Amino acid sequence: MPDGGRLRTTSLRLRTVVAVLVLLAVLLAGLVVAVEAVLGARLHAQVEDRLRDRAAAAAALVGVLDADDLADRLSAQGLSVRIVQPDGAAVEAGPTPDQLRSGPPDPGGLPGPAARDRSAGGSSARGSSTPGSSSGRSSGSATTPATSGASVVSSSLRDDDGVLTLRSVLDDGTRIALTAGTRDVQETLAQLAWVMGGASAAFLGVAVVGVVVVVRRALRPLDEVTATARSIADGDRGRRLRPAKTDTEIGRVAAAFDEMLDAVEGAEAQAVAAEERVRGFLSDAAHELRTPVAGVRAAADTLVRSGGDDPATTEVLAVHVVRQADRAARLVDDMLTMARLDRGIVLDRRPTDLVPWLRAEVDRLELRLPGITLHPGLPTEAVPVEVDADRLAQVLGNLVDNAARATGGTGTVRLTLGTDADEATLVVEDDGPGIPVDDRERVFDRLVRLGESRDVRSGGAGLGLPIARGIAVAHGGTLVHDDDGTLGGARFVLRLPRATRAVDPGSGADGGVVPAPVSATMGT
C-alpha cells in the first residue's frame with residue numbers, strides 16, 4: 001500500500017470529476033486539432049487544385065492569346081502571374097506575393113491593364129524587355145504562332161508563408177508561375193479554432209455540473225456503507241447492507257462488508273462464549289480444588305493441635321491428607337492435559353497392533369480394578385493402527401474408570417475390538433444405570449458430572465471423558481456415546497483410522513512403544 005501502508009483518502013468524488021473533465025478536455029482538444037488539420041489540408045488541396053486547373057487552362061491558351069492577355073486573365077482571378085516566354089521575355093500581372101501574404105486582394109483597388117500601361121509611359125510595367133531590346137516589349141511581340149495550345153511538361157509546388165506557388169514548364173519552353181494567397185485559409189482556420197474553443201469551454205462548463213451530479217448519485221451507496229458502519233459501531237450489530245446485485249463493484253464491496261460483519265459478529269460471539277466457558281471452567285476447577293485443599297487444611301490443623309498424642313488418630317488424619325492431596329494432584333494433572341489438548345498435544349505415533357495392546361491393557365486394568373469384571377472381545381486377525389499407545393491407554397483407562405464409578409466398582413465392562421477397511425473400532429459398555437439421552441453429548445463437556453456420579457468420594461471431577469475425546473480427536477478419530485448396548489448401561493465407541501504402514505511383527509503385547517511419562521490411568 002502506498003505512503004508507508006496508509007490508505008489514500010483523497011475525495012473519490014473530486015478525483016472522479018477531475019479525471020472525467022481532464023479526459024473530456026483532452027478529447028475536445030484532440031478533436032479541435034484533428035478538425036483543423038483535416039480542414040486545413042482540404043482547403044490547401046482546394047487552392048492547389050485551383051492553381052493546377054489555372055495552369056492547365058493557361059497552357060491551353062498559350063499561342064492563342066498573347067502573354068499580356070493571358071496574364072491579365074489569370075490575374076483577374078486574384079492570382080499573382082509570371083509568364084516567361086521561350087525567348088526569355090517575362091510578363092507579370094496581379095498582386096505581388098507580399099500583397100497576397102497580407103491578405104486577400106481587393107479587386108476594386110487594383111489598376112486595370114490600360115492604367116498600368118499608361119502609368120508606365122506607354123511601355124508595359126508588367127513585362128521585362130527581351131535580351132537586346134531597349135524599349136521593353138513592343139506591340140508586335142505577341143504574334144500568334146503557327147500552332148496554338150501547349151501541354152504541361154512538369155510542375156512544382158512551393159508553400160511559403162501565406163502563399164502557395166505553382167511553377168509549370170510547358171512543352172514549348174514557356175514557364176508559368178501562379179501564386180495564390182493562403183491567408184484566407186489561415187484566417188478561416190483561426191476563426192474555426194475560436195469557435196470550437198468557445199464551444200468546448202461551454203461544453204466543459206455544462207459537463208462539470210452533469211458529472212458532479214452523476215458522480216454524486218453513483219457514489220451514494222458509499223454513503224450508505226459509511227452510515228451502516230457507523231451504526232454498527234454504535235451498537236447495531238445486526239444491521240447489514242444486503243446489496244441487490246453482487247456482480248457490480250459496489251455490490252461486491254457491500255457483500256464483502258456483510259461477510260466481514262458476519263465473521264466479526266460470529267468471532268465476537270465465539271469469543272464471548274469462550275470467555276464464559278473459561279470463567280465457568282475456572283470457577284468449577286476452583287470449586288473442585290477447594291474440597292481436597294480444605295480437607296488437607298483441616299487434617300493438618302487437627303494434626304498440629306493434637307500434637308500426635310493419639311497414634312491412631314494421627315494415622316487416620318495422615319491417610320486423609322495423602323488421599324486429598326492425591327485427588328488434588330490428579331485434578332491438576334487433568335487440567336494440564338486439557339490445556340495441552342487445547343494447545344495441540346504432541347503424539348508419539350507408532351504402528352501398533354491393537355489386539356495384543358488391548359490384551360495387555362485388560363491385564364493391567366484387572367490388577368488396578370479387581371472389583372470390575374472385564375470381558376474383552378478380540379478379533380482373530382491383526383488390527384493395525386498408528387497411534388501413541390500410551391495416550392490411547394489413557395483413553396481406555398478413563399472409559400473403564402467412568403464405568404467403574406457408574407457401577408459402584410463392582411460391575412461388568414465389555415470391551416469389543418472390531419475393524420473394517422478404513423478404521424478400527426473399540427466399544428466400551430457397562431451394566432450400570434446408563435446415561436440419559438439428553439446428557440449423552442453433555443458428558444463430554446468439562447467438569448460435568450451426572451446424578452450419583454457427583455459423589456466427591458469417587459474422586460472424579462468430570463474431566464475424564466473430555467480428555468478421552470480430545471486424545472481421540474488428536475489421533476484423527478472420534479469418541480461418542482452410541483445407542484444402548486446389550487448390558488443396559490453406557491456404551492462408548494472409539495473409532496481410529498487404520499494404519500498406512502505395516503506393524504512390526506515383533507511389536508509384542510504393548511505395541512512396541514516405550515511408555516510415555518504420562519500415566520495411563522488419569523481418568524477422572
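Just so you know, these numbers come straight off a predicted model, no measurement behind them. Numbers here simply count residues along the sequence, with the first being 1.
Residues V169 and T174 fail the side-chain proximity criterion, which asks for heavy atoms closer than 4.5 Å. Proximity of L31 to M196: side-chain heavy atoms (C-beta onward) are separated by under 4.5 Å at one or more points. Residues F492 and I435 meet the side-chain proximity criterion, which asks for heavy atoms closer than 4.5 Å. Within the 4.5 Å cutoff, the side chain of L43 has heavy atoms near those of the T188 side chain.
The structure places CZ of R54 at 8.5 Å from CG of L51, a figure rounded to the nearest 0.5 Å. Annotation: the span from S80 atom OG to L178 atom CG amounts to 8.5 Å, rounded to 0.5 Å. In this structure, F444 CZ and I467 CD1 are separated by 13.0 Å, a value rounded to the nearest 0.5 Å. A distance of 4.5 Å separates CZ of R491 from CG of D482, quoted to the nearest 0.5 Å. Note: S154 OG to R175 CZ = 10.5 Å, rounded to the nearest 0.5 Å. The CD1 atom of I471 sits 8.5 Å away from atom CG of L392, with the distance rounded to the nearest 0.5 Å.
Among all heavy-atom pairs drawn from A474 and R349, the shortest one is O-NH2, 2.9 Å. The two atoms that bring V62 and L70 nearest to each other are CG2-CD2, 3.9 Å, heavy atoms only. Nearest heavy atom pair, residue A180 against residue V47, reads CB-CG1, 3.9 Å. The shortest heavy-atom contact between D172 and P86 is O-CG, 3.2 Å. The heavy-atom pair separating L170 from V153 by the smallest distance is C-CG2, 3.5 Å. The heavy-atom pair separating S75 from V81 by the smallest distance is N-CG2, 3.6 Å.
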>> Please determine whether side chain to side chain contact (heavy atoms under 4.5 Å, CB included) holds for the pair L479 and L399, giving the CA-CA distance in whole Å, both sets of side-chain angles, and the decisive distance to 0.1 Å.
In response: CA-CA 10 Å; L479 177 62; L399 294 176; 4.2 Å; yes
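Listed by chain and number, the residues in a side-chain hydrogen bond (donor to acceptor under 3.5 Å, both in side chains) with S200 amount to none (sequence neighbours excluded). With sequence neighbours excluded, the residues that form a salt bridge (Lys or Arg N to Asp or Glu O under 4.0 Å) with R469 are E441. R52 is linked by a salt bridge (Lys or Arg N to Asp or Glu O under 4.0 Å) to E48, counting only residues two or more places apart in sequence or in another chain. With sequence neighbours excluded, the residues forming a salt bridge (Lys or Arg N to Asp or Glu O under 4.0 Å) with R495 are E423, listed by chain and number. Partners of E259 by side-chain hydrogen bond (donor to acceptor under 3.5 Å, both in side chains), not counting sequence neighbours: none found. Checked against salt bridge (Lys or Arg N to Asp or Glu O under 4.0 Å), D159 has no partners two or more places apart in sequence or in another chain. For the side-chain contact (heavy atoms from CB on, under 4.5 Å) test, residues two or more places apart in sequence or in another chain that qualify with T419 are E381, V383, R498. Judged as a side-chain hydrogen bond (donor to acceptor under 3.5 Å, both in side chains), and not counting sequence neighbours, the contacts of T179 are T165. Every residue two or more places apart in sequence or in another chain was checked for a side-chain hydrogen bond (donor to acceptor under 3.5 Å, both in side chains) with R50, and none qualifies. Every residue meeting the side-chain contact (heavy atoms from CB on, under 4.5 Å) condition with R73, not counting sequence neighbours, appears here in chain and number order: L61, L65. Annotation: side-chain contact (heavy atoms from CB on, under 4.5 Å) contacts of L27 (sequence neighbours excluded): L23.
Applying the 6.0 Å contact sphere to CZ of R158 captures no more than 12 heavy atoms from other residues, nucleotides or ligands.
The side-chain hydrogen bond (donor to acceptor under 3.5 Å, both in side chains) pairs that include a residue from residues 217-228 are R13-D223, where partners are two or more places apart or lie in different chains.
Of the possible polar contacts, one joining the R252 side chain to the D247 backbone as a donor-acceptor pair under 3.5 Å is found. No donor-acceptor distance shorter than 3.5 angstrom exists from the side chain of T182 to the backbone of V185, with no hydrogens or angles considered. Side-chain atoms of D66 come within 3.5 Å of backbone N or O of D69 as a donor-acceptor pair.
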